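Report on the structure given below.
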Amino acid sequence: MSFSLITVLFLIGFVGSFISGMLGIGGAIIKFPMLLYIPAFLSLTSFTSHEVAGISAVEILVTSIAGVWAYRKGGYLNKSLIFTMGIAVLAGSLLGSFGSNGLSAESINVVYGVFALLAAILMFIPRKQIPDVPVHQVQFNKSLAAGLAFIVGIGSGIVGAGGGFILVPIMLVILKIPTRITIASSLAITFISSIGGSIGKITTGQVEWGPLLVLVAASLIAAPIGAKVAKAMNTKLLQMMLALIIGATAIKIWVDILT
């Protein structure tokens with residue numbers, strides 16, 4: 001890899017991981033399109049959708065666990081929520097990641113676009129502000145949470161994402177989990193999901209290790225910084241930023257699919 005490519009990859013990893021730690025998403029919603037388009041636009045290299053999915057799947061392991069580590073003492077990690085959704089999303093991501101090797105690049109992009117669109121719709125649905133409550137007082141429908149997490153896991157396994165970009169809207173809008181608990185717990189769930197995705201991508205030879213190591217280095221620095229920033233921010237502002245990022249990404253992906 002050239003120095004220019006390493007620099008660009010590091011910046012992509014830093015920006016994506018900072019946003020990941022701040023908003024409780026694995027970062028694939030940001031890094032997938034950035035890896036797909038920016039290096040190619042700068043004539044540095046051109047990653048295929050399979051390569052981007054493979055890189056993203058393994059890199060999210062580091063991003064999400066770095067974010068969880070930053071939240072570990074904040075009292076926002078809901079163990080019941082993490083266990084219920086984590087086991088289901090892991091099963092789904094294993095299924096999706098092994099099956100993705102037989103899919104075309106266009107199919108992977110379509111799956112990514114569908115999930116981004118659904119996440120954007122959920123984020124823009126008007127809803128009442130969910131009051132912050134102690135983590136042990138949070139209640140949710142476990143069957144619904146597990147079922148939705150399994151479906152998300154299949155899609156995230158295909159595109160190499162941890163699924164945080166759609167898990168967060170699901171937790172906020174459907175399960176009605178308070179914002180800060182959602183952000184912290186979704187990072188832990190995303191980490192579990194990315195285990196399944198990583199296993200499938202690695203064993204089917206879909207991972208480019210050089211670019212991955214650069215992104216991992218950026219993640220270790222940026223994700224904890226993003227998590228610290230989030231603790232001091234207004235929850236409404238966090239939700240608005242997430243909605244705008246997901247919405248813009250969904251539009252970009254679908255414009256490329258349809259043109």
Side-chain angles (χ1 to χ4, degrees), residues 20-29 60 64-65 67-96 114-157 161-197 227 230-231 233-243 245-246:
S20 167
M22 186 168 61
L23 299 179
I25 54 180
I29 188 74
I60 288 168
S64 53
I65 197 61
V68 171
W69 186 256
Y71 277 109
R72 72 191 187 284
K73 294 182 179 179
Y76 297 119
L77 293 168
N78 186 297
K79 294 180 181 178
S80 177
L81 183 66
I82 293 168
F83 179 81
T84 300
M85 299 189 76
I87 297 301
V89 81
L90 175 60
S93 65
L94 279 168
L95 182 62
V114 168
F115 271 67
L117 180 61
L118 290 174
I121 292 172
L122 285 173
M123 286 304 299
F124 284 102
I125 292 176
R127 62 189 182 280
K128 294 181 180 179
Q129 181 69 17
I130 304 167
D132 287 325
V133 297
V135 68
H136 63 274
Q137 293 182 11
V138 173
Q139 297 182 345
F140 62 96
N141 186 319
K142 291 186 178 182
S143 297
L144 179 61
L148 291 172
F150 180 74
I151 295 171
V152 170
I154 294 174
S156 64
F165 65 93
I166 192 166
L167 286 172
V168 169
I170 285 173
M171 292 162 72
L172 288 172
V173 179
I174 299 177
L175 301 179
K176 302 189 183 304
I177 308 296
T179 302
R180 296 195 192 282
I181 294 174
T182 290
I183 290 173
S185 300
S186 69
L187 283 168
I189 297 167
T190 297
F191 169 71
I192 296 171
S193 171
S194 62
I195 293 173
K231 292 177 182 179
M233 290 181 67
N234 181 277
T235 54
K236 287 186 177 180
L237 179 59
L238 288 171
Q239 290 181 25
M240 185 182 300
M241 290 176 62
L242 181 60
I245 288 171
I246 291 175

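Below, each value reflects all heavy atoms present in this structure, side chains not excepted, and no hydrogens, waters or symmetry copies. Since the model is a prediction, treat every value here as computed from it, not as a measurement.
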Quiz item: Hey, what do you get for CG (L167) to CD1 (I174), rounding to the nearest 0.5 Å?
Solution: 10.5 Å
Quiz item: Can you name the nearest heavy-atom pair linking S186 to V168, along with the distance?
Solution: OG-CG2, 3.5 Å
Exercise. Not counting sequence neighbours, which residues clear side chain to side chain contact (heavy atoms under 4.5 Å, CB included) with V138? List them please.
Key: N78, V133, I177, P178, I181
Quiz item: Partners of I192 by side chain to side chain contact (heavy atoms under 4.5 Å, CB included), sequence neighbours excluded?
Solution: I82, L90
Quiz item: Got a second to check how far I166's CD1 is from T190's OG1, nearest 0.5 Å?
Solution: 11.5 Å
Could you list the donor-acceptor pairs under 3.5 angstrom formed by side chains in residues 139-155, with sequence neighbours left out?
from: N141; atom 1: OD1; to: S143; atom 2: N; distance (Å): 3.1
from: N141; atom 1: OD1; to: L144; atom 2: N; distance (Å): 3.0

Self-check item: Side-chain heavy-atom pair M171, M85 within 4.5 angstrom cut-off
Solution: yes
Quiz item: Would you say T84's side chain and L81's backbone share a donor-acceptor pair under 3.5 angstrom?
Solution: no
